[in-house]
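Read through the structure below, which is laid out as structure tokens, and then see the notes.
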2 protein chains.
Amino acid sequence: MLEQLERTAVELAAEHGYDAVTVEMICEACMTSPRTFYNYLGSKEAAILGPRTPFASEEQVRRFVHEPTDDVLVDFLTMVIDSLTEVAVDPALYRLRQRVIYTTPELSAKRLAIDGEMEARYRAVVVERFRAAGRTEATDAELDDEAHMVIALSRGVLTYTAAKWYEPGFDRTVRELIENSIVLVRRVLTTSS
Amino acid sequence: MLEQLERTAVELAAEHGYDAVTVEMICEACMTSPRTFYNYLGSKEAAILGPRTPFASEEQVRRFVHEPTDDVLVDFLTMVIDSLTEVAVDPALYRLRQRVIYTTPELSAKRLAIDGEMEARYRAVVVERFRAAGRTEATDAELDDEAHMVIALSRGVLTYTAAKWYEPGFDRTVRELIENSIVLVRRVLTTSS
DNA sequence: AGGCATATTTGCAGGGTATGCAGAAGTGTA
DNA sequence: TACACTTCTGCATACCCTGCAAATATGCCT
């Protein structure tokens, strides 16, 4: 039932636009009552957004912390992207969902806010990595600041990547996109003009 | 009237929390009707968010495009921050507003979305600067990509800066914060681990 | 099958945001 | 005072969402 409600919500929103679809419509299509919809999903938004994006697994975090390359940003982005692409389930529905979210400002905003809630946790992970790498010369505050910035930059890169990913003529893999993004970051920060 | 409604909305929200304040409350405090509130403001959100953040002025854009230093990111951030801090008006109300927004996830999200709408325009400005600097070796698509990344990174830095700015013990100026942020960006991208 | 406990589903009342519309109230002018 | 014009207001309506209690379905035991 939950699955059917979500699917129907996403499909209807993709077809008519998020605002044009009412909870009642979704329920009629699913032959159930609005009250049940709210019991399962809590809100119309939640139906479209779907399950919360997962935090990186313990194993992924462990690798990030204890098997560093010489580039935090790349490692961090790799970890996050890996955790995101692990979800799988129904790829068609997944992509439809993303499309609806991405084309509805209200929903992208909400999604950004939700993902932002994980940032504090990720920040701690980054600090842990710094510590593990023997960064003992810096104070806690300094490392936390630096971790904060790693997260902030990653957010930028991920935003950029997501935009590319949802552009009409998308053909490359996420990994290629991220690699391309990193190259771009370096270019922006090293070349003049 | 409009001003009074906004001020009252922000003050009540700061005191009781955004969700706890109803439009009716605001209107009672202002001795007016809910209908008038909606005539002026359109939504409760709008009352708290206030006027849209302005785009950089023509003069600021001109300087960014034609008087480049060797660092796009710094120049871009400088331009944006300058345009943001030019607003002025009532500083106390301004800060109260920011605080309410920053402490209400729903509102920060919305604000981020609104600001995001200016990114396309800023991207064009960055490309213009690249062109003015004689970057003729690159294709349009390449420059646009690079500009896109400048914006994405800036968003990250601005997010970081905003977080710092609204931390309890804030004492430094925005300019100092930005400079500090840039240093941090470079460190993250150049030092190992 | 009948009876029973539990879980799921539903209806209903109500509070909140927001919009369209038409009429009321205020304002300035001849 | 009469008129035009702007501003404000009330009312009806649509939609989102929540709490509560009743109805329905489900599974299990005798």
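In what follows, every chain begins at residue 1, and chains take the letters A, B, ... in the order their sequences are listed.
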For B/Val74, what residues pass the side-chain contact (heavy atoms from CB on, under 4.5 Å) criterion, not counting sequence neighbours?
B/Asp71, B/Thr78, B/Ile182

Classify the angle between the aromatic ring planes of A/Tyr122 and A/Phe76 as parallel (below 30°), tilted (30 to 60°) or perpendicular (above 60°).
perpendicular

Starting at [atom1] of [X] and ending at [atom2] of [N], how long is that distance when rounded to a whole Å?
X	N	atom1	atom2	value
A/Tyr38	C/dT8	OH	C1'	19 Å
B/Lys44	C/dT19	NZ	P	14 Å
A/Met31	D/dT24	CE	P	17 Å
B/Asp19	D/dC17	CG	C1'	12 Å
B/Ile48	C/dA18	CD1	P	11 Å
A/Glu106	D/dC15	CD	P	16 Å
A/Asn39	D/dA23	CG	P	17 Å
B/Leu5	C/dA18	CG	P	14 Å

I'd like to know if [X] and [Y] make a salt bridge, using a cut-off of under 4.0 Å between side-chain N and carboxylate O.
X	Y	value
B/Arg129	B/Asp75	yes
A/Arg62	A/Glu59	yes
A/Arg155	A/Glu119	yes
A/Arg7	A/Asp90	yes
B/Asp140	B/Arg131	yes

State which of C/dA18, D/dC8, C/dT9 makes the closest approach to the side chain of B/Ser43.
C/dA18

Which of C/dA18, D/dC8, C/dT8 is nearest the side chain of A/Tyr40? It is C/dT8

Just the atom pairs and distances: protein N or O near nucleotides 10-12 of chain D's N or O, under 3.5 Å.
unit_1 : atom_1 : unit_2  : atom_2 : d
D/dG10 : O6     : B/Arg35 : NE     : 3.3

Under 6.0 Å from the ring centre and within 45 degrees of the ring axis: does the NZ or CZ of B/Lys44 meet both conditions for the six-membered ring of B/Phe37?
no

Counting only side-chain nitrogens and oxygens, does A/Thr32 get under 4.0 Å of the OP1 or OP2 atom of C/dT10?
yes

Compute whether any side-chain donor of one residue and acceptor of the other, for B/Ser57 and B/Gln60, lie under 3.5 angstrom apart.
yes

Assign each of A/Phe37 and B/Thr36 the nucleotide of DNA chain D bearing its closest heavy atom; nearer the 5' end lies the nucleotide of B/Thr36

Could you identify which residues of residues 22-29 of chain B place a heavy atom less than 4.0 Å from some atom of DNA chain D, listed by residue number, or say none?
none

